[in-house]
S.K.: 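Below: one structure in structure tokens.
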Amino acid sequence: MAKSSLLIFLILLGLLGSLSPIVPIPPYKIIVLLAGLLILFYALSLISSKYMDYKLIQLSPLSILFLLFLSWSALGYLYSTDPEKSLYLTIQSLGAILLYLGLILHIQKKNQIEIILKILLCFGGLFALVGILQQFLLPIFINPMADSANNSTSFFAHKNIFSGYLVSLVPLSCLAYLFSFSKTWKYISGIFFILLIIALGFTGSKGGQLTAIFSLVAIIGYLIFTKDRKNIILLTQAIVISLALYLIIDHIVKIQPDLQNETKLAHSQRLSITQLVKHGTSLQWFGRVWHWKVGWEIFKDHWFIGSGPISFHLLFPKYLIGLNPTINNHVYSSGSPPHAHNIFVQTASDSGLIGIGLMLAFLILFYTRTYKLLRSSSLEIRPFVFFIATTVTCFLFHHMAEYNWPGPMFIYSFTFFIFIIDFIYQKQFNLKKDNAKGMTTLMSPALGIIVIFSTLISCNQYYKFHSTLSERVPANTN
């Protein structure tokens, strides 16, 4: 039953987790639905946990730090400057806690993790294909956000969100393509990799494209370090094919008479891979710098506990007035942004020293464990560890200039990746059995029960607020 509930959650996460304006279901209903499925998954996992290996279901130091970070994010609702919007991140954080605790109770073998990654990769390939087909402006794939110069967003609301989703899947597709023992899955993963690279080219997101380049350079460097010539050749071939197909599709779109007028504006506004090489990014980074400056000012005034989750947009105008928003004769005039465009700045301003401290602590421990696994684990597991760590690094690298963390696709996927490294670490370096039924083992169900009740209360309040709000605004407002 726990397996079925997790499968249903993954499918609905893939289908609805983008919170797309294309989907007729209001986002607040999707948030509550996913949270309800996670409650079910955890409850079923807890019921079946008596059959599990106790040395794998105890909370490790990495698990405790990560769960503390999520818990503090959820508690931010109690003191937030904007409690209505903060409730969104509260539900997402509580859901991530239930997902992590459920995985601890449910996952016992590496092949279970591989199934989860395959599902995530399949949806990534599907969304990438839709993003490519949007170039042809087919009626079935018309992008509702195209007028905002976001020509390729697939099922996402913005090109930067779409690219942030894709870059985290590039290392996973490389892992499956280069190291899968199944020829069928190897070929499918190779196709997914090509689709991901092409779609990233058409998003026009500079941050996503640069992050993808960074990940490919890191992967090639790893293959050179391990002297894996066969996989270097395979990866090089896939990259060449991806770039060739991108240029061909881009050329076809430009020369088609029916699409010339429609694509002229989009191509003039969108910065593709070829344009990225020619043009700088100073104007876009100018806005980012002021977002970070304001985030720092908010942190200084709310340094201990922060101003509350997702309150940056509310405080931004107040703090901008006190600054001189001019750099090199450029004046900031973009209005109030939804977030600080940096996960660390946003976390510091929202959650204060406690929140950013917990985040840095679990990330340091994450990379420490990754390093130990790469140095001391079995040879067959090292590539898997490297590519998962690269996936997390790509996520963080892209979030240096973006902040998509609260989105279901992002917070839940990131939770999976943190859990994977912790799970492999415990499998590789056996924990002492005499501690198997100690305090950390008992903490999991106690924390889970508290989180279940907190999630139910939060979801009820969140649903009532937005259902009432939706009656006062047009039905098509996302």
Side-chain angles (χ1 to χ4, degrees), residues 1-17 25 28-60 62-64 66-75 77 87-109 111-113 115-116 119-120 406 408-409 411-420 422-423 426 436-464:
M1 293 297 291
K3 179 180 178 181
S4 300
S5 62
L6 178 59
L7 179 61
I8 294 173
F9 168 76
L10 290 171
I11 293 174
L12 290 180
L13 177 65
L15 294 174
L16 306 175
I25 305 175
Y28 74 92
K29 292 184 178 180
I30 297 175
I31 297 300
V32 173
L33 175 62
L34 293 176
L37 286 172
L38 288 173
I39 292 175
L40 178 63
F41 168 60
Y42 174 74
L44 293 174
S45 298
L46 184 61
I47 293 173
S48 59
S49 63
K50 61 182 180 180
Y51 304 109
M52 303 302 178
D53 184 355
Y54 276 95
K55 72 178 180 180
L56 293 176
I57 66 175
Q58 60 179 320
L59 296 178
S60 67
L62 176 57
S63 299
I64 293 173
F66 183 60
L67 293 175
L68 283 175
F69 167 72
L70 293 173
S71 300
W72 182 251
S73 296
L75 288 173
Y77 165 76
L87 194 56
Y88 169 55
L89 183 57
T90 294
I91 295 175
Q92 296 296 82
S93 299
L94 292 173
I97 293 173
L98 291 173
L99 175 60
Y100 197 95
L101 293 176
L103 291 172
I104 290 176
L105 297 172
H106 178 67
I107 301 296
Q108 295 287 297
K109 298 179 181 178
N111 66 332
Q112 293 174 286
I113 292 176
I115 293 173
I116 294 174
I119 294 174
L120 295 177
M409 288 287 200
I411 189 171
Y412 294 142
S413 296
F414 189 84
T415 301
F416 277 121
F417 302 143
I418 296 296
F419 168 79
I420 289 171
D422 192 53
F423 174 81
Q426 294 195 66
K437 295 185 180 181
M439 183 61 67
T440 56
T441 305
L442 298 176
M443 285 172 57
S444 178
L447 175 62
I449 293 172
I450 294 174
V451 173
I452 285 177
F453 282 106
S454 300
T455 305
L456 290 172
I457 295 172
S458 300
C459 285
N460 180 61
Q461 185 174 351
Y462 183 75
Y463 188 89
K464 285 183 178 180

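Predicted model, so just to flag it, every value in this text is computed and none were measured. This chain uses plain numbering: 1 for the first residue, then up along the sequence.
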S.K.: Report yes if some heavy atom in the side chain of Ser458 is under 4.5 Å from a heavy atom in the side chain of Leu94; otherwise report no.
M.R.: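 Answer yes - side chains close enough.
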S.K.: Taking side chain as C-beta onward, heavy atoms only, is Leu10 less than 4.5 Å from Phe416?
M.R.: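 Result yes, sub-4.5 Å side-chain heavy-atom pair found.
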S.K.: Considering all heavy atoms of both residues, which atom of Gln112 and which atom of His106 are nearest to each other, and what is their separation?
M.R.: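 In this case the closest contact between Gln112 and His106 is NE2-O, 3.5 Å.
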S.K.: Nearest 0.5 Å, what's the CD1-CZ distance between Ile39 and Phe453?
M.R.: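 Ile39 CD1 to Phe453 CZ: 10.0 Å, rounded to 0.5 Å.
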S.K.: Do Tyr88 side-chain atoms and Pro406 backbone N/O form a donor-acceptor pair below 3.5 Å?
M.R.: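 Side chain of Tyr88 to backbone of Pro406: a pair is present.
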S.K.: Are the side chains of Leu456 and Asn460 in touch, meaning some heavy atoms are under 4.5 Å apart?
M.R.: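 With C-beta onward as the side chain, the pair stays apart.
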S.K.: For the CD1 atom of Ile31 and the CD atom of Gln92, what is their distance to the nearest 0.5 Å?
M.R.: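 Rounded to the nearest 0.5 Å, the CD1-CD separation comes out at 4.0 Å.
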S.K.: Can you find a heavy atom in the side chain of Ile30 that is under 4.5 Å from one in the side chain of Pro408?
M.R.: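 Side-chain contact under 4.5 Å: no.
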S.K.: Looking at OG of Ser454 and CG of Leu447, how far apart are the two atoms once the value is rounded to the nearest 0.5 Å?
M.R.: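 These two atoms lie 9.0 Å from each other.
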S.K.: Atom CD1 in Ile47, atom OH in Tyr42: separation rounded to 0.5 Å?
M.R.: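 One finds 10.5 Å between CD1 of Ile47 and OH of Tyr42.
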S.K.: So which heavy atom on Ser63 is nearest to which on Asp422, and how close?
M.R.: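 Closest pair (atom of Ser63, atom of Asp422, distance): OG-OD2, 2.8 Å.
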S.K.: Any non-hydrogen side-chain atom of Ser71 less than 4.5 Å from a side-chain atom of Ile97?
M.R.: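 Yes. Closest side-chain heavy atoms under 4.5 Å.
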S.K.: Between atom NZ of Lys29 and atom CG of Leu33, what is the distance when rounded to the nearest 0.5 Å?
M.R.: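 The distance works out to 11.0 Å.
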S.K.: Just to verify, what does Tyr462 make a side chain to side chain donor-acceptor pair (under 3.5 Å) with, not counting sequence neighbours?
M.R.: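 Per chain and number, Tyr462 pairs via side chain to side chain donor-acceptor pair (under 3.5 Å) with no residue.
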S.K.: Of all heavy-atom pairs between Leu98 and Gly448, which one has the smallest distance, and what is that distance?
M.R.: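 Here Leu98 and Gly448 meet closest at CD2-O, 4.0 Å.
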S.K.: Can you check whether Ile418 reaches Phe414 side chain to side chain, under 4.5 Å on heavy atoms?
M.R.: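 Yes; the side chains approach each other to less than 4.5 Å.
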S.K.: Just how far is it from atom CZ of Phe419 to atom CD1 of Ile104, taken to the nearest 0.5 Å?
M.R.: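 Between Phe419 CZ and Ile104 CD1, I get 6.5 Å after rounding to 0.5 Å.
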S.K.: Taking the side chain as everything from C-beta on, heavy atoms only, tell me whether Ile116 gets closer than 4.5 Å to Leu103.
M.R.: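 In contact.
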S.K.: Of all the heavy-atom pairs spanning Ser60 and Gln426, show the shortest one and how long it is.
M.R.: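 Scanning both residues, the minimum pair turns out to be CB-NE2, 4.0 Å.
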S.K.: How about Phe41 and Phe9: are their ring centroids closer than 6.0 Å?
M.R.: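 No, the ring of Phe41 stays outside the 6.0 Å limit from the ring of Phe9, centre to centre.
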S.K.: Nearest heavy-atom pair of Leu38 and Gly95: which atoms, and what distance?
M.R.: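 Nearest heavy atoms, Leu38 then Gly95: CD1-O, 3.2 Å.
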S.K.: Let me see the working for Ile107 and Ile420 under side-chain contact (heavy atoms from CB on, under 4.5 Å), right down to the final yes or no.
M.R.: CA-CA 10 Å; Ile107 301 296; Ile420 289 171; over 6 Å; no
S.K.: What are the two closest non-hydrogen atoms of Thr415 and Ile411, and how far apart are they?
M.R.: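 Thr415 and Ile411 have their closest heavy atoms at OG1-O, 2.7 Å.
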S.K.: Donor-acceptor pair, Ser93 side chain versus Thr90 backbone, under 3.5 Å?
M.R.: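 Such a contact is absent between Ser93 side chain and Thr90 backbone.
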S.K.: Side-chain contact test, heavy atoms from C-beta onward, threshold under 4.5 Å: evaluate it for Leu44 versus Leu6 and give yes or no.
M.R.: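 Contact flag for Leu44/Leu6 side chains = no.
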S.K.: According to side chain to side chain donor-acceptor pair (under 3.5 Å), who are the partners of Gln461, at least two apart in sequence or on a separate chain?
M.R.: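 Side chain to side chain donor-acceptor pair (under 3.5 Å) check on Gln461 returns Tyr77.
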S.K.: Please assess Leu105 against Ser48 for the test side-chain contact (heavy atoms from CB on, under 4.5 Å), listing each intermediate value before the final yes or no.
M.R.: CA-CA 8 Å; Leu105 297 172; Ser48 59; over 6 Å; no
